[in-house]
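Throughout, residue positions are numbered sequentially from 1 according to the sequence presented. Scope of the values below: all heavy atoms of this structure, side chains included, with no hydrogens, waters or symmetry mates.
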Amino acid sequence: MDEDRISVIRERYLHICDQIAEATIRSGRASGTVHLVTVTKSQPVEVVREAIAAGATLLGENYTEEAVSKINVIKENGLEWHMIGHVQSRKAELVVRYFDMLHSLDSIRLAGRLDKFCAEVGRTLPALVEVNVSGEESKFGLPAWDERHWPELEPVLEQILAFSHLGVCGLMTMPPFFDDPEQTRPFFRRMRRLQGYLIKHFPQGKWTELSMGTSADYIAAVEEGATIVRVGRSILGQRPVERLSEH
Ligand SMILES: *Cc1c(COP(=O)(O)O)cnc(C)c1O
């Protein structure tokens, strides 16, 4: 590990923690109630180790197999691995075996596969339902951009909540990318309204967590109610190679 790089990462990590704490207080909540997931996708093991040395404990990965190969070599206590990318149903078993939490639960089919493997190994998987609040076609998630159609989410959520080995505890979204976070803010607000809608119409569910906000807009996300933000580049720098899809 490179000590200089660790101290650069530590400085950025602590700066972001400070920004989050201030935004949490501005949003009327107690500091320490918002969690920072450090997104290590596409970063080599070396950089992940540096991030851990710099203080990161919640690590976010997007690609199942890439993540599993890292998790297998990084055997440290006190870490939580979060799957934040789209999961193909045939990768469900790996998610159940290797991850502490899934942010991107986006279909009944995936929920069913996860539930089956969880039952086999005797665990519950904490999960967030991914929703698309922008209507962008490139984004995964249940369609939630048009508030008039929210009632149509109910039968889907009912089936997802029926799987007893999934601990659904909130929502996740990946809004469009803008350089100006003020342009993203309306999507965070829509997400917050959806949370309110679900609390009202699905009181049997737990909807406390909102995973939203990246390097570009995590401060606005926290101001709008995020309980988990997912930040990669602002902590670790540019990713070496961006993988577009997983096969
Ligand atoms: C890559 C990614 C992030 C982090 O994005 P940065 O711009 O590196 O902060 C957050 N969430 C998801 C789902 C991602 O794929």
Side-chain angles (χ1 to χ4, degrees), residues 35 37 39 41 58-64 67 80-92 94-96 99-115 118 124-147 149-150 152-163 165-177 184 186-199 201-202 205-214 216-218 221 224-232 244-246:
H35 302 286
V37 171
V39 176
K41 70 166 177 222
L58 311 183
L59 304 172
E61 288 280 341
N62 282 55
Y63 312 106
T64 328
E80 269 185 32
W81 294 92
H82 291 231
M83 171 47 80
I84 63 173
H86 176 65
V87 178
Q88 294 161 332
S89 293
R90 62 194 163 89
K91 306 280 173 68
L94 290 175
V95 172
V96 169
F99 284 88
D100 297 288
M101 182 165 185
L102 172 67
H103 290 226
S104 41
L105 179 54
D106 58 7
S107 71
I108 296 169
R109 181 179 151 80
L110 175 61
R113 299 279 292 168
L114 293 164
D115 186 71
C118 282
T124 301
L125 179 69
L128 305 174
V129 175
E130 182 170 0
V131 292
N132 179 342
V133 290
S134 67
E136 267 190 310
E137 276 177 26
S138 60
K139 296 286 150 64
F140 290 100
L142 303 183
W145 54 89
D146 185 341
E147 307 193 10
H149 290 290
W150 284 355
E152 292 161 31
L153 296 173
E154 294 181 24
V156 180
L157 291 175
E158 223 157 76
Q159 289 190 64
I160 288 176
L161 292 185
F163 290 113
H165 296 88
L166 298 181
V168 173
C169 53
L171 302 171
M172 178 272 219
T173 200
M174 189 74 183
F177 175 82
T184 323
F187 299 104
F188 296 143
R189 293 209 168 134
R190 180 172 294 153
M191 181 80 157
R192 184 71 185 274
R193 280 199 299 279
L194 176 59
Q195 179 191 37
Y197 177 92
L198 294 175
I199 290 170
H201 294 270
F202 271 94
K206 184 173 175 233
W207 304 109
T208 46
E209 306 302 323
L210 288 184
S211 169
M212 56 187 192
T214 67
D217 48 30
Y218 68 91
E224 299 303 332
T227 62
I228 307 174
V229 293
R230 312 176 306 264
V231 180
L244 294 175
S245 63
E246 183 182 43

Chemist: Which distance, rounded to the nearest 0.5 Å, do you find between the CD of E224 and the CG of L210?
Modeler: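 Nearest 0.5 Å value for the CD-CG distance: 11.0 Å.
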
Chemist: Working to the nearest 0.5 Å, report the span between CG of L102 and NE2 of H82.
Modeler: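 Those atoms lie 10.5 Å apart.
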
Chemist: Do the non-hydrogen side-chain atoms of L128 and I228 ever get within less than 4.5 Å of each other?
Modeler: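 L128 reaches I228 side chain to side chain.
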
Chemist: I'd like to know whether M101 forms a side-chain contact (heavy atoms from CB on, under 4.5 Å) with C169, so could you lay out the CA-CA distance, the side-chain angles of the two residues, the decisive distance to 0.1 Å, and finally the verdict.
Modeler: CA-CA 10 Å; M101 182 165 185; C169 53; 4.0 Å; yes

Chemist: Test your reading of the model: is there a side-chain donor-acceptor pair from W150 to the backbone of A144, 3.5 Å cut-off?
Modeler: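 At least one qualifying donor-acceptor pair exists.
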
Chemist: Could you pull out the closest heavy-atom pair between I84 and M172, with the gap in Å?
Modeler: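 Heavy-atom minimum between the residues: O-CE, 3.3 Å.
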
Chemist: Measure the spacing between CZ of F163 and CG of L125 and express it to the nearest 0.5 Å.
Modeler: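 Going from CZ on F163 over to CG on L125, the span is 13.0 Å.
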
Chemist: Short question: side chain of R190, backbone of V133 - any donor-acceptor pair under 3.5 Å?
Modeler: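 Checking the backbone N and O of V133 against the side chain of R190, a donor-acceptor pair under 3.5 Å is found.
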
Chemist: Quick one, Q195 and I199 - any side-chain contact, counting heavy atoms below 4.5 Å?
Modeler: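 With C-beta onward as the side chain, the pair touches.
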
Chemist: Using a 3.5 Å distance criterion without hydrogens, assess whether the side chain of T214 forms a donor-acceptor pair with backbone atoms of R230.
Modeler: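 Not a single qualifying donor-acceptor pair exists.
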
Chemist: Verify side chain to side chain donor-acceptor pair (under 3.5 Å) between S104 and E130, making sure each step is shown before the conclusion.
Modeler: CA-CA 5 Å; S104 41; E130 182 170 0; 4.6 Å; no

Chemist: Enter the distance from Q159:CD to I108:CD1 here, rounded to the nearest 0.5 Å.
Modeler: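 The CD atom of Q159 sits 3.5 Å away from the CD1 atom of I108.
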
Chemist: Is a donor on one side and an acceptor on the other found under 3.5 Å between the side chain of D115 and the backbone of H165?
Modeler: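 Answer holds: yes.
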
Chemist: Please lay out, stage by stage, how V87 and L114 fare under the test side-chain contact (heavy atoms from CB on, under 4.5 Å).
Modeler: CA-CA 10 Å; V87 178; L114 293 164; 5.6 Å; no

Chemist: Heavy atoms only: give me the nearest W207-V168 pair and the separation to one decimal.
Modeler: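 So the minimum-distance heavy-atom pair works out to CZ3-CG1, 4.0 Å.
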
Chemist: Testing the basics here: between L161 and G205, what is the closest heavy-atom pair and its distance to 0.1 Å?
Modeler: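 Smallest interatomic distance, heavy atoms only, reads CD1-CA, 4.1 Å.
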
Chemist: Hey, what do you get for CE (M174) to CD (E136), rounding to the nearest 0.5 Å?
Modeler: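 Taking CE in M174 and CD in E136, the distance rounds to 9.5 Å.
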
Chemist: Among T173, T184, V131, whose side chain to side chain contact (heavy atoms under 4.5 Å, CB included) with M212 holds?
Modeler: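 Answer to the side chain to side chain contact (heavy atoms under 4.5 Å, CB included) test with M212 among T173, T184, V131: T173.
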
Chemist: Could you tell me which non-hydrogen atom of P175 sits nearest to which non-hydrogen atom of F188, and how far apart they are?
Modeler: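 Looking at all heavy atoms of both residues, the closest pair is CG-CE2, 3.6 Å.
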
Chemist: Minimum heavy-atom separation for G167 to T124, with atom names?
Modeler: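 The pair with the smallest heavy-atom distance is N-CG2, 3.6 Å.
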
Chemist: For the OH atom of Y63 and the CE atom of M83, what is their distance to the nearest 0.5 Å?
Modeler: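 If we round to the nearest 0.5 Å, Y63:OH and M83:CE are 10.0 Å apart.
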
Chemist: What verdict does the side-chain contact (heavy atoms from CB on, under 4.5 Å) test give for L157 and F202, after you've listed the backbone C-alpha separation in whole Å, the side-chain angles of each residue and the deciding distance to 0.1 Å?
Modeler: CA-CA 9 Å; L157 291 175; F202 271 94; 3.9 Å; yes

Chemist: Please walk me through it: do T227 and T208 pass side-chain contact (heavy atoms from CB on, under 4.5 Å)?
Modeler: CA-CA 8 Å; T227 62; T208 46; over 6 Å; no

Chemist: Does A221 offer a backbone N or O that forms a donor-acceptor pair with the side chain of D217 under 3.5 Å?
Modeler: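 No: the side chain of D217 does not pair with the backbone of A221.
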
Chemist: Side chains of E154 and Y197, heavy atoms from C-beta outward: is any pair under 4.5 Å?
Modeler: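 Yes, at least one pair of side-chain atoms sits under 4.5 Å.
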
Chemist: Minimum heavy-atom separation for P143 and L153, please, with both atom names.
Modeler: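 Shortest heavy-atom contact: O-CD2, 3.3 Å.
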
